[in-house]
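One structure is given below, encoded as structure tokens.
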Amino acid sequence: MRLATWNVNSLRSRIERVEAFVQRHDVDVLALQETKAREEQLPLMGLQSLGYEVASVGYSQWNGVALLSRVGLEDVQVGFEGMPGYGDPVAPEARAIGAVCGGVRVWSLYVPNGRKPDDPHYVYKLDWLARLREASRSWLGEDTALVGDWNIAPLDSDVFDIEQFRRSTHVTPPERAAFQGFLDDGYAEVTREHAPGYTYWDYYRQRFERDRGLKIDFVLGSPGLAARTTGAFIDRDERAGTGASDHAPVVVDLAD
DNA sequence: ATGGTGGGTTTCCCA
């Protein structure tokens with residue numbers, strides 16, 4: 001089974017790229033983040049005609065998540081136990097959607113950005129991660145994949161210039177501790193060893209052309225899922241050219 | 001410290 005995760009930065013503006021991507025790489029399950037659309041806005045007939053079932057949730061113009069699967073899409077859940085997934089009742093947010101696809105429970109996650117370390121959204125980010133961690137402990141016994149845009153760079157080498165991030169989110173000790181917590185519980189990040197390099201590059205200052213990016217998109221697998229991982233890669237080609245998302249897709253192969 | 005680009009319900013907000 002081939003599983004991929006991609007922060008598409010608007011599914012409507014990227015639909016042709018998404019359709020080409022799943023065909024080019026023969027993807028079975030694709031987790032999308034920052035779909036930036038409500039379900040009824042999405043033009044997904046093309047994907048459905050390619051054999052994919054679709055589940056999506058989105059409310060605002062800056063988030064939303066989706067799952068595409070051609071190996072079954074069962075027991076769809078929005079949010080996770082203990083955390084509805086709608087963080088702010090004033091500005092509803094959709095940051096987690098999960099389903100059982102081909103026997104694997106896949107969660108497409110869009111971890112809050114946090115904005116600034118002294119911003120309330122930063123506190124919300126840590127709280128959200130703590131609630132996800134609490135819920136995710138009960139999924140360790142199944143083949144579970146927590147995939148998406150974690151908005152955390154676990155290592156200094158995951159940032160093109162760590163000095164520039166001294167006072168920024170994504171690299172603070174509490175965020176890194178939150179990420180490490182999942183590993184302490186028994187999850188394993190399964191892409192890094194196969195797929196070095198960044199997954200996100202800012203649009204401006206030619207960051208991609210100069211390879212000045214961040215590694216913030218990850219696939220965390222339960223022990224059962226991690227044991228099935230045979231390889232992974234980052235599709236940097238998808239970040240190139242006009243009309244690209246600012247994130248590249250991350251692809252993982254799992255043994256049957 | 002600032003600004004750069006690209007998405008969205010676009011003359012502002014978000015990443």
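These numbers come from a predicted model, not from an experiment.
- Nearest nucleotide to the side chain of Arg115(A), out of dG8(B), dT9(B), dC14(B): dC14(B).
- In this structure, Asp158(A) does not pair ionically with Lys215(A), as no charged nitrogen and carboxylate oxygen lie closer than 4.0 Å.
- Along DNA chain B, the nucleotide nearest to Tyr204(A) and the one nearest to Asn151(A) differ in position, and the one closer to the 5' end is contacted by Tyr204(A).
- Nucleic acid contact class of Arg207(A) (heavy atoms, under 4.0 Å, all strands): none.
- Rounded to an integer number of Å, the gap from CG of Asn9(A) to C1' of dT5(B) is 10 Å.
- Nucleotide dG6(B) holds its C1' atom 14 Å from the CZ atom of Arg12(A), rounded to whole Å.
- For Asn113(A), the listed nucleotide lying nearest its side chain is dA15(B); candidates were dT9(B), dG7(B), dA15(B).
- Using a cutoff of 4.0 Å between basic side-chain nitrogens and carboxylate oxygens, Arg133(A) and Asp184(A) are not scored as salt-bridged.
- Contact annotation: Gln41(A) side-chain N/O to dT9(B) OP1/OP2 distance is under 4.0 Å.
- Distances were taken from every side-chain heavy atom of Lys36(A) (C-beta onward) to each of dT5(B), dT9(B), dG8(B); the shortest belongs to dG8(B).
- For dC14(B) and dG8(B), the C1' atoms lie 8 Å apart once the distance is rounded to whole Å.
- Salt bridge Asp253(A)/Arg2(A): present, at least one basic N to carboxylate O contact under 4.0 Å.
- Distance CD (Glu34(A)) to P (dG7(B)): 12 Å, rounded to an integer number of Å.
- Among the atoms of the strands shown, none is found under 4.0 Å from any heavy atom of Tyr200(A).
- The pair Asp211(A)-Arg236(A) meets the salt-bridge criterion, with a side-chain N (NZ, NE, NH1 or NH2) lying under 4.0 Å from an Asp/Glu carboxylate O.
- Phe165(A) places its CZ atom 16 Å from the C1' atom of dA1(B), with the value rounded to the nearest Å.
- Salt bridge present: Asp235(A) and Arg24(A) bring a charged side-chain N and a carboxylate O closer than 4.0 Å.
- Rounded to whole Å, atom P of dA1(B) lies 14 Å from atom CD of Glu163(A).
- As rounded to whole Å, 10 Å separates atom P of dG7(B) from atom CZ of Arg17(A).
- dT10(B) and dG4(B) are spaced 23 Å apart, taking the P atom of each and rounding to whole Å.
- Residue Arg167(A) is classed as having no contact, given no heavy-atom separation below 4.0 Å to the nucleic acid.
- Nucleotides dA1(B) and dG6(B), compared at atom P, are 27 Å apart to the nearest Å.
- A gap of 22 Å separates the P atoms of dT5(B) and dT9(B), to the nearest Å.
- Between Lys125(A) atom NZ and dC14(B) atom P the separation is 16 Å, expressed in whole Å.
- For Arg205(A), counting side-chain heavy atoms from C-beta on, the closest listed nucleotide (dG7(B), dG3(B), dA15(B)) is dG3(B).
- Residues Asp143(A) and Arg105(A) are not paired through a salt bridge, judged by the lack of any N-O separation under 4.0 Å between the basic side chain and the carboxylate.
- Atom NE2 in His121(A) sits roughly 7 Å away from atom P in dA15(B) (whole-Å rounding).
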